[in-house]
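Written out below as structure tokens is the structure these notes cover.
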Amino acid sequence: MEPSEVEFLAEKELVTITPNFSESKICLISGDFGPFNPSMHTRLPLWLAVNLRQRQKCRIEPPEWLNVDTLIEKKVAESESQVFTKMPSPHYMEVAMLLLNNASEDIPRADEVRVLVKDVWDLRLAKLKKSIDIMIAQQETYGKLNNLTLMEINSVRPFLTQALDHMHFLRMHAMQHT
């Protein structure tokens, strides 16, 4: 699965907007959204919220977890835990990047939020790579990875599948020559 496909899945997450236009509802294949009244909150898919924001038709309310305090707590919890902690969203990185790239004016302290999201991402990927190194060093053929997001798994998939293929080849070669 390509990162763009993972992002596509993330764009289906519902977010809250505050529209600055009036419309009874928008009928889409995925469902009806609305009504849209100025200053009245409405929930809709992230892709639609970003589209409306790009056309300056709304403000996007950041998810509850997309703030400096919550992300600092997440970063501390992740760095102190030996296992992966549960993330506030299964698509935290994609949602955060989409909002920060398209609606940073709507996110308080957006620059700090961007750095914290990246810090959490880096911590988790370092932990994942360390886990993979241990798994390969111990010549394990499978591993259990709880609380990983699809994008995190996707980021190491090429390396991991190649490493496991090489391990399998070496084992088969060793068995044939014994």
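Below, each value reflects all heavy atoms present in this structure, side chains not excepted, and no hydrogens, waters or symmetry copies.
Of the possible donor and acceptor atoms, none in the side chain of Asn51 sits under 3.5 Å from a partner among the backbone N and O of Trp47. The backbone N or O of Lys75 lies less than 3.5 Å from no partner atom in the side chain of Glu78, so there is not a single donor-acceptor pair. A distance-only check finds no donor-acceptor pair linking the side chain of Lys57 to the backbone of Ala49 [under 3.5 Å]. Put simply, the side chain of Arg55 never gets that close to the backbone of Val50: no donor and acceptor are under 3.5 Å apart. Judged by distance alone, with hydrogens and angles left aside, the side-chain atoms of Lys127 form no donor-acceptor pair with the main-chain N or O of Asp122 at under 3.5 Å. With Ser104 contributing its side chain and Asp111 its backbone, the two residues share no donor-acceptor pair below 3.5 Å. In this structure, Glu152 contributes its side chain and Thr149 its backbone to a donor-acceptor pair below 3.5 Å. Judged by distance alone, with hydrogens and angles left aside, the side-chain atoms of Asn154 form no donor-acceptor pair with the main-chain N or O of Leu150 at under 3.5 Å.
Side-chain heavy atoms closer than 4.5 Å link hydrophobic residues (I, L, V, M, F, W, Y) into clusters, and following such links, even through other members, never connects Leu123 to Val68. Placement of Leu148 and Ile134 in two distinct hydrophobic clusters is found when ILVMFWY residues are connected by side-chain heavy-atom separations under 4.5 Å, directly or transitively. A single hydrophobic cluster is seen to contain both Ile72 and Met87, as judged by linkage of ILVMFWY side chains at heavy-atom distances under 4.5 Å, directly or through other members. Placement of Met93 and Leu125 within a single hydrophobic cluster is found when ILVMFWY residues are connected by side-chain heavy-atom separations under 4.5 Å, directly or transitively. Hydrophobic clustering, with ILVMFWY side chains joined whenever heavy atoms are under 4.5 angstrom apart, groups Ile153 together with Met151.
Lys74 is not listed as a side-chain neighbour of Trp65, based on a closest heavy-atom distance of 4.5 Å or more. Contact annotation: the side chain of Thr70 never approaches that of Pro88 to less than 4.5 Å [non-hydrogen atoms, C-beta and beyond]. The side-chain heavy atoms of Glu64 and Thr16, taken from C-beta on, include no pair separated by under 4.5 Å. Asn67 is not listed as a side-chain neighbour of Pro62, based on a closest heavy-atom distance of 4.5 Å or more. Side-chain contact between Pro45 and Leu14 is present, with heavy atoms from C-beta onward closer than 4.5 Å. Side chains of Leu44 and Leu52 form a contact here, defined as non-hydrogen atoms less than 4.5 Å apart. In this structure, Leu66 and Val95 have side chains that are not in contact, with every pair of non-hydrogen atoms separated by 4.5 Å or more. The shortest distance between side-chain heavy atoms of Ser155 and Pro3 does not fall below 4.5 Å.
Between the CZ atom of Arg109 and the CG atom of Leu71 there is a distance of 10.5 Å, given to the nearest 0.5 Å. Taking CG of Leu99 as the start and CG of Leu46 as the end, the distance is 5.5 Å to the nearest 0.5 Å. With rounding to the nearest 0.5 Å, the separation of OG in Ser22 from CE in Met40 is 10.5 Å. Atom OG1 of residue Thr18 and atom CG of residue Asn37 lie 11.5 Å apart, to the nearest 0.5 angstrom. The distance from the CD atom of Glu11 to the CG atom of Leu48 is 11.0 Å, given to the nearest 0.5 Å. The line from NZ of Lys12 to CD of Glu7 is 13.0 Å long, rounded to the nearest 0.5 Å.
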* Asked: When you look at Arg124 and Tyr92, which way does the side-chain contact (heavy atoms from CB on, under 4.5 Å) test go after all the steps?
  -> CA-CA 12 Å; Arg124 291 175 64 85; Tyr92 78 96; 3.7 Å; yes
* To do: Check step by step if side-chain contact (heavy atoms from CB on, under 4.5 Å) holds for Leu128 and Ile132.
  => CA-CA 6 Å; Leu128 180 55; Ile132 291 170; 4.2 Å; yes
* To do: Begin with the C-alpha distance, continue with both residues' side-chain angles, and end with the deciding distance and a verdict on side-chain contact (heavy atoms from CB on, under 4.5 Å) for Val6 and Ser4.
  => CA-CA 5 Å; Val6 177; Ser4 59; over 6 Å; no
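For residues 89-103, there are no salt bridge (charged side-chain N to carboxylate O under 4.0 Å, His left out) pairs, not counting sequence neighbours.
Screening Leu100, Asn102, Asn101 for a side-chain contact (heavy atoms from CB on, under 4.5 Å) involving Leu98 leaves a single residue, Asn102.
Every residue two or more places apart in sequence or in another chain was checked for a ring pair (Phe, Tyr, Trp, His ring centres under 6.0 Å) with Phe84, and none qualifies. For Lys129, there are no side-chain hydrogen bond (donor to acceptor under 3.5 Å, both in side chains) partners two or more places apart in sequence or in a different chain. The salt bridge (charged side-chain N to carboxylate O under 4.0 Å, His left out) check on Arg59 picks up Glu61, Asp106, with sequence neighbours excluded. With sequence neighbours excluded, no residue forms a side-chain hydrogen bond (donor to acceptor under 3.5 Å, both in side chains) with Asn147. Under the rule for a ring pair (Phe, Tyr, Trp, His ring centres under 6.0 Å), Phe8 has no partner lying at least two apart in sequence or in another chain.
Counting heavy atoms of neighbouring residues, nucleotides and ligands inside a 6.0 Å radius, atom CD of Glu105 exceeds 12 of them.
Shortest non-hydrogen contact noted between Thr42 and Pro35 is OG1-O, 3.2 Å.
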